[in-house]
**Q** 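Got a structure for you, questions after.
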Amino acid sequence: MTSESAPASDHDSYGCPTPPNESAKHQKQSQFQSQAQESKYDPTFTDRVISATGPNAHTRLAQVMPSLVRHLHDFAREVDLTVAEWMAAVEFINACGRMSTDRRNETQLLCDILGLESLVDEITSKQLSTPGSQLTPSAILGPFYRHDAPLLPANSSIVFNLTPSVPWYDQAIADSAHLTGRVFSSASPQKPIRNAIVDVWHTAPNGLYEQQDASQPDMNLRGRFATDADGRYALYCLRPVAYPIPDDGPAGQLLAMLDRRPQRPGHIHFIVSAPGHRTLTTQIFDARDEYIDKDSVFAVKDELVVRFVPRAGDERARWSLEYDFVLGVDGSGEGEGEGEEGTK
Ligand code: BEZ
Ligand code: FE
């Protein structure tokens, strides 16, 4: 049924049909399945589009575009996409583009809520890992990284200018945490890396990164730490809190239309780098978080879920966490890294 022939009440403002009940949904699903077996549309059409590619096409594009076209066409046929629906999608993508600036990437956010950034991250890291290596899993970078966080001495706090006048002071005290661990090379046997850089950032207890919040000092809750001869890094930070991804644009509208929430479980971001090793971009997730199984951007992996434990005898922190990172060796051979080896 096309949008033109349908009664207006069966379609929403995007021109999408609104199935009146569950049985209609099931009828539609079985209709999709039978179409997959026997298409009612021109069976030569997709091949004609694919074979339009010329002999001098860019190599990787010539490899991936036939698959993209085939999946796109199959999708359109499978759901009987109408012109009105396709036009709504074009408008939606245009709106993502219009909203994007050098401070906000709405199209990336769209990919995030569709799980595409996390999937591509997994595909990329699988390509780089060798069978049996116990590398720390990666996770998406997200849009709030800043390159030039201050390089701080070990055991510094990344919570800057915390005074009782800060609105979230009490929560910051209750969630104050000491975070430490070691950075290892995946070379066999694993060796600690001296002078690896652990670049860390997270939100304040109000759920905002410092660049989203004029009341926070510049570079608040960000820092870079060099590992010592044991490969150890150490810092004071806060237990992270859940926060919503920016949902005041098209990606947020889509989330709402899908009856989904924008929240991410509390997490701490890291970029861990060392000469001769592959840079690791990852996040750790606080197991206490109610959204741990409901990340709006699908970045949680079991190995990245952590449990803070109560800390005694340290007036600077009520919680402790120890978390190690294992970096892959750069280049082909494991164990051929040029990073500075620490003591075992
Ligand atoms: C973040 O963790 O900072 C983030 C990731 C994806 C989308 C929005 C925010
Ligand atoms: Fe984040």
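None of these values were measured; they are calculated from a predicted model. Note that ligands are numbered from 1 as they come in the structure, with each ligand's atoms numbered from 1 the same way. Throughout, numbering of the chain's residues begins at 1 and tracks the sequence.
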**Q** Identify whether NZ of Lys or CZ of Arg in Arg316 sits under 6.0 Å from the centre of the six-membered ring of Tyr236 and within 45° of that ring's axis.
**A**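 Relative to the ring axis of Tyr236, which defines the angle, Arg316 lies inside both limits.
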
**Q** Assess the residue pair Arg182 and Asp324 against the criterion (salt bridge (Lys or Arg N to Asp or Glu O under 4.0 Å)); give the C-alpha distance rounded to whole Å, side-chain angles, the decisive distance to 0.1 Å, and a yes or no.
**A** CA-CA 5 Å; Arg182 297 169 79 192; Asp324 294 342; over 6 Å; no

**Q** Can you find a side-chain donor-acceptor pair between His147 and Asp199 that sits under 3.5 Å?
**A**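 Not at all, the side chains of His147 and Asp199 share no donor-acceptor pair under 3.5 Å.
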
**Q** If I take atom CD from residue Gln211 and atom CZ from residue Arg222, how far apart are they, to the nearest 0.5 angstrom?
**A**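 If I round to the nearest 0.5 Å, the distance is 4.5 Å.
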
**Q** How long is the gap from CG on Leu141 to CD on Glu117, to the nearest 0.5 Å?
**A**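 Going from the CG atom of Leu141 to the CD atom of Glu117 covers 7.0 Å.
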
**Q** To the nearest 0.5 Å, how far apart are CZ in Phe144 and OH in Tyr209?
**A**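 Result: 7.0 Å between the selected atoms.
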
**Q** So that I can tick it off, tell me whether Arg146 and Asp218 are bridged by a salt bridge, with the cut-off set at under 4.0 angstrom between side-chain N and carboxylate O.
**A**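 Yes, Asp218 and Arg146 are salt-bridged.
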
**Q** Between the side chain of Gln283 and the main-chain N/O of Ile140, is any donor-acceptor distance below 3.5 Å?
**A**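 Yes, the answer is positive, given that a donor and an acceptor are paired below the 3.5 Å cut-off.
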
**Q** List nothing but the number: protein N/O/S atoms under 2.8 Å from the Fe ion (ligand 2).
**A**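 For the Fe ion (ligand 2), protein nitrogen, oxygen or sulfur atoms under 2.8 Å: 4.
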
**Q** Distances for all N or O pairs of ligand 1 and the protein under 3.5 Å?
**A**
unit_1   : atom_1 : unit_2 : atom_2 : d
ligand 1 : 2 (O)  : Tyr243 : OH     : 2.8
ligand 1 : 2 (O)  : Arg264 : NH1    : 2.6
ligand 1 : 2 (O)  : His267 : NE2    : 3.1
ligand 1 : 2 (O)  : His269 : NE2    : 3.0
ligand 1 : 3 (O)  : Tyr209 : OH     : 3.4
ligand 1 : 3 (O)  : Tyr243 : OH     : 2.7
ligand 1 : 3 (O)  : His269 : NE2    : 3.3

**Q** Distance check, rounded to the nearest 0.5 Å: Ile268 atom CD1 versus His202 atom NE2?
**A**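 Answer rounded to 0.5 Å: 5.0 Å.
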
